[in-house]
Amino acid sequence: MGLKNVLIAVADIEKSKKFYKELFGLNVIRDFGENVILSEGLVLQCKTTWQQVLASDIIPGNSFELFFEEYDFDEFVLSVKNKGNVKLIEDVYENAWGRRCIRLCDPDGYLIEVAEK
C-alpha cells in the first residue's frame with residue numbers, strides 16, 4: 001500500500017490553483033472542476049463538495065501542515081516576500097538540526113512549511 005494524494009478543501013479552486021502554481025510550481029494533472037489533482041500529489045477539493053461528502057461543516061484546524069523542500073531556498077523566500085499577499089507565519093528560521101525553513105499560509109489558511117533541500 002502507498003499514499004497517493006493529500007486532499008485539502010478550498011474555498012476558491014482557481015485561486016488555489018494559481019497560488020500553488022506560482023509559489024510551488026505545481027501543475028494541474030487532472031481538472032474535474034470541483035476536484036483538481038496537482039503534481040506532487042496535492043488534490044484541491046471545492047469546500048462545498050467536501051461538505052456534502054462529510055454531511056457537515058468543515059472545521060478548520062492547525063493539526064497538520066503541508067511540507068515542501070526547495071533547492072533554491074533563498075530565491076523561493078524572495079519570491080514569497082515579493083508577492084506581498086502571502087501570509088507569513090514564521091520568517092526564515094533555523095531548526096534544531098541546522099536546516100533553514102519558512103512557514104506561511106495558503107489562501108485558505110492551511111499551514112505550509114518550506115525547508116531548504
Side-chain angles (χ1 to χ4, degrees):
M1 179 185 312
L3 177 64
K4 294 295 182 187
N5 298 99
V6 173
L7 182 146
I8 58 174
V10 299
D12 184 329
I13 290 277
E14 293 304 317
K15 185 176 183 179
S16 293
K17 284 193 309 191
K18 182 179 177 184
F19 175 85
Y20 284 101
K21 171 68 175 171
E22 288 180 358
L23 276 184
F24 299 99
L26 301 186
N27 295 306
V28 173
I29 303 299
R30 301 289 302 263
D31 191 335
F32 302 103
E34 294 183 350
N35 183 289
V36 178
I37 301 170
L38 302 177
S39 53
E40 301 300 323
L42 183 61
V43 177
L44 307 175
Q45 176 83 57
C46 181
K47 277 189 175 184
T48 54
T49 303
W50 192 238
Q51 287 171 319
Q52 291 171 359
V53 170
L54 294 178
S56 69
D57 287 335
I58 295 171
I59 302 168
N62 60 357
S63 59
F64 78 95
E65 72 179 10
L66 299 174
F67 178 75
F68 293 86
E69 291 181 320
E70 175 57 53
Y71 284 105
D72 195 347
F73 183 76
D74 293 323
E75 182 64 32
F76 175 79
V77 170
L78 186 61
S79 72
V80 167
K81 291 181 177 183
N82 284 341
K83 206 154 175 41
N85 61 348
V86 176
K87 181 179 178 185
L88 282 179
I89 301 301
E90 191 168 5
D91 206 344
V92 177
Y93 68 96
E94 190 172 301
N95 60 24
W97 48 94
R99 192 177 199 191
R100 292 183 306 149
C101 304
I102 189 170
R103 284 197 174 109
L104 54 124
C105 283
D106 82 349
D108 289 276
Y110 290 111
L111 182 62
I112 300 169
E113 181 177 21
V114 179
E116 63 186 341
K117 184 148 177 111

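- A 6.0 Å sphere centred on CD of Glu40 holds no more than 12 heavy atoms belonging to other residues, nucleotides or ligands.
- Interatomic distance, Phe64 CZ to Ile8 CD1, rounded to the nearest 0.5 Å: 6.5 Å.
- To the nearest 0.5 Å, atoms CD1 (Ile37) and CG (Leu26) are separated by 13.0 Å.
- Across all their heavy atoms, Ala9 and Lys47 have their closest contact at O-CE, 3.5 Å.
- Summarising the geometry, atom CG belonging to Asp74 is positioned 11.0 Å from atom OG belonging to Ser79; distances are rounded to the nearest 0.5 Å.
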Quiz prompt | Candidate pair Val114 and Leu23, rule side chain to side chain contact (heavy atoms under 4.5 Å, CB included), full reasoning | solution = CA-CA 11 Å; Val114 179; Leu23 276 184; over 6 Å; no
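- Neither Tyr93 nor Val86 shares a network with the other; the hydrophobic side chains, linked directly or stepwise wherever heavy atoms of I, L, V, M, F, W or Y lie under 4.5 Å apart, form separate groups for each.
- Within 6.0 Å of atom OH in Tyr71, 12 or fewer heavy atoms from other residues, nucleotides or ligands are found, so the atom counts as exposed in its surroundings.
- Rounding to the nearest 0.5 Å places CD of Glu90 at 9.5 Å from CG of Leu111.
- Follow the hydrophobic side-chain contacts under 4.5 Å out from Phe67 and you never reach Phe73; the two are in separate clusters.
- Between Arg100 and the choices Glu94, Glu116, Glu70, the side chain to side chain donor-acceptor pair (under 3.5 Å) rule is met once, by Glu116.
- The structure places CG of Leu44 at 12.5 Å from CD of Glu34, a figure rounded to the nearest 0.5 Å.
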Quiz item: Going through the distances and angles, do Tyr20 and Ile112 end up as a side chain to side chain contact (heavy atoms under 4.5 Å, CB included)?
Solution: CA-CA 11 Å; Tyr20 284 101; Ile112 300 169; 3.7 Å; yes
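- Between the CD1 atom of Ile102 and the CZ atom of Phe68 there is a distance of 13.5 Å, given to the nearest 0.5 Å.
- Of all heavy-atom pairs spanning Asp108 and Ser16, the tightest one is OD2-OG, 3.5 Å.
- No option in Asp31, Ile29, Val10 other than Asp31 meets the side chain to side chain contact (heavy atoms under 4.5 Å, CB included) test with Val36.
- Taking each heavy atom of Val28 and Lys17 in turn, the nearest pair found is CG2-CD, 3.7 Å.
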Exercise. Applying side chain to side chain contact (heavy atoms under 4.5 Å, CB included), run through Phe24 and Leu38 and close with a yes or a no.
Key: CA-CA 11 Å; Phe24 299 99; Leu38 302 177; over 6 Å; no
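- Residues Leu78 and Ile89 fall into different hydrophobic clusters, defined by Ile, Leu, Val, Met, Phe, Trp and Tyr side chains chained together at heavy-atom separations under 4.5 Å.
- Between Cys46 and Ile13 the shortest heavy-atom distance is N-CD1, 3.7 Å.
- Proximity of a side-chain donor or acceptor of Asn35 to a complementary backbone N or O of Val43 within less than 3.5 Å is not detected.
- The two atoms that bring Ala115 and Cys101 nearest to each other are CB-SG, 3.7 Å, heavy atoms only.
- Within the 3.5 Å criterion, the main-chain N or O of Tyr110 finds no donor-acceptor partner in the side chain of Glu65.
- A pairwise comparison of heavy atoms in Lys15 and Asp12 identifies N-OD1, 3.0 Å as the closest pair.
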